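To start, the structure under review is shown below, and the notes come after it.
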Amino acid sequence: MTQLVTTEEMQELDQYTMATIGLSEEVLIERAALAALDVLGAGAYDLSNVLVLVGLGNNGADGIALARLLHQLHIPVSLQFVGNANKAKPAVKHQLQIAEACGVPRSEKSDFKQASLIIDAIFGTGLNKDLPEGLQKMVKAANHIESTVVALDLPTGVNGTTGQIMGAALKAKTTISFGFTKVGVTKNPGKKSAGQVLVKEIGIVVPDDFQFSINKQ
Ligand SMILES: NC(=O)C1=CN([C@@H]2O[C@H](COP(=O)(O)OP(=O)(O)OC[C@H]3O[C@@H](n4cnc5c(N)ncnc54)[C@H](O)[C@@H]3O)[C@@H](O)[C@H]2O)[C@H](O)CC1
Ligand SMILES: [K+]
């Protein structure tokens, strides 16, 4: 039986876990990155040249932490910011400092064709409007060359609650959902962009009196 959540519910559980239970944001980011590493390490992906695309929010923080873990395992990986890194959230800047201290290679404008695998850590549950024009173009170009994409938490461009495409959506082979599957990847058109959806436990705590709006499937 699978419990599905809306993005609002996921954010509520995220906040409860951090503010009430006391698990820090950093711990959740690290556990999300380790959970993603676990999936990538299972042998189904070509890790010969991994490109991690990161956004400015905590989805990006998960991606930067994952890039660091891959680098420390001597897997060829590079990190490309999508958006102005100076505007990134503190948690993202902190992960970037750690990644730079560990020597994780950065790329400015990567050739997606050269990547054996693209990690989508641009947007997750925080997506709240259509993707910026420039990003929509990049997403459509990446979809056109059929790169293998693994999405962290949600495929960028998919609304995690409605399943609607917010301008454009990166087509993933696999989506790794942290905590719970977001209902948006079970509804078309979002479902088509998600590929195989895996759920990974990262320590999210659900209050006893929490009322999920979606019954277990
Ligand atoms: N669920 C969990 O247990 C955990 C979730 N984590 C990861 O955090 C993201 C959610 O992070 P958040 O910072 O809230 O949002 P995003 O990273 O998805 O978005 C970044 C940021 O971008 C802004 N934004 C939204 N829409 C647009 C747009 N169309 N154009 C430009 N900018 C936009 C908005 O300000 C967002 O804040 C979740 O998915 C997980 O990957 C934790 O790291 C681990 C635990
Ligand atoms: K993502």
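Ligands are counted one by one from 1 in listed order, and the atoms in each one are counted from 1 as well. From a predicted model like this one, the values you see are computed outputs, not experimental measurements. Note that these values count all heavy atoms, side chains included, but never hydrogens, waters or copies made by symmetry.
In this structure, Thr6 contributes its side chain and Glu9 its backbone to a donor-acceptor pair below 3.5 Å. In this structure, the side chain of Asn159 engages the main chain of Thr162 through a donor-acceptor pair within 3.5 Å. Counting only distance, with no hydrogens or angles, the side chain of Thr125 and the backbone of Thr7 share no donor-acceptor pair below 3.5 Å. The backbone N or O of Asn86 lies less than 3.5 Å from a partner atom in the side chain of Lys93, making a donor-acceptor pair.
Each of the atoms 43 (O) of ligand 1 lies under 4.0 Å from some heavy atom of Ile29. Proximity to Met10 (heavy-atom distance under 4.0 Å) selects the following atoms of ligand 1: 1 (N), 3 (O). Ligand-side atoms of ligand 1 in range of Asp130: 28 (C), 29 (N), range being under 4.0 angstrom from any heavy atom.
Residues Ile176 and Lys200 approach most closely at CG2-CG, 3.6 Å, considering heavy atoms. Pairing each heavy atom of Ile214 with each of Gln3, the nearest pair is O-NE2, 2.8 Å.
Note on ligand 1: Ile204 sits in its first shell, one or more heavy atoms being nearer than 4.0 Å.
Of the protein's non-hydrogen atoms, Gly124 N, 2.6 Å is the one closest to atom 18 (O) of ligand 1. Among all protein heavy atoms, the one lying closest to atom 14 (O) of ligand 1 is Lys89 NZ, 3.7 Å. At the top of the distance list for atom 11 (O) of ligand 1, counting protein heavy atoms only, stands Asn58 CB, 3.4 Å. For atom 23 (C) of ligand 1, the nearest non-hydrogen atom of the protein is Phe123 CE2, 4.1 Å. Remark: minimum distance from atom 28 (C) of ligand 1 to any protein heavy atom is reached at Lys129 CG, 3.7 Å. For atom 45 (C) of ligand 1, the closest heavy atom belonging to the protein is Ile202 CD1, 3.4 Å. In terms of protein heavy-atom proximity, atom 30 (N) of ligand 1 is closest to Pro132 CD, 3.6 Å. Protein heavy atom nearest atom 25 (C) of ligand 1, with residue, atom name and distance: Gly126 O, 3.1 Å.
Side-chain contact between Met166 and Phe123: absent, with no pair of heavy atoms (C-beta onward) separated by less than 4.5 Å. In this structure the side chain of Thr175 never reaches within 4.5 angstrom of the side chain of Gln196, judged on heavy atoms. Side-chain contact between Ile119 and Leu53 is absent, with no heavy-atom pair separated by less than 4.5 Å.
In summary, an N, O or S atom of Asp120 is located under 3.4 Å from the K ion (ligand 2). Among the backbone and side-chain atoms of Pro155, none of the N, O or S atoms lies under 3.4 Å from the K ion (ligand 2). Using a cut-off of 3.4 Å, one finds that Ala151 contributes no N/O/S atom close to the K ion (ligand 2).
Taking NE2 from His94 and CD1 from Ile64, the interatomic distance works out to 11.0 Å, rounded to the nearest 0.5 Å. Rounded to the nearest 0.5 angstrom, Glu30 CD and Ser24 OG are separated by 9.5 Å.
Rounding to 10 degrees, one finds that the K ion (ligand 2) sits at the corner of an angle of 80° between Asn59 OD1 and Leu152 O. Phe123 contributes O and Leu154 contributes O; the angle these two atoms make at the K ion (ligand 2) is 80°, rounded to 10°.
Between Gly55, Ala61, Ala36, Gly57, it is Gly57 that holds the heavy atom closest to atom 20 (C) of ligand 1. Comparing Ile122, Asp14, Leu28 by heavy-atom distance to atom 2 (C) of ligand 1, the nearest is Asp14.
Heavy atoms from other residues, nucleotides or ligands lying under 6.0 Å from NZ of Lys191 number 12 at most.
Ring to ring, Phe210 and Tyr16 are not that close: their centroids are 6.0 angstrom or more apart.
Residue contacts with ligand 1 for Leu127 involve both N, CA, C or O and side-chain atoms from C-beta outward (heavy atoms, distance under 4.0 Å). If you look at Asn128 next to ligand 1, the close heavy atoms, those under 4.0 Å, come from the backbone and the side chain alike.
Note that atom 39 (O) of ligand 1 has protein non-hydrogen atoms nearby, at separations under 4.0 angstrom.
For ligand 1, one of its N or O atoms has an N or O atom of Thr125 under 3.5 Å away.
A side-chain N or O of Tyr45 and one of Thr174 form a donor-acceptor pair less than 3.5 Å apart.
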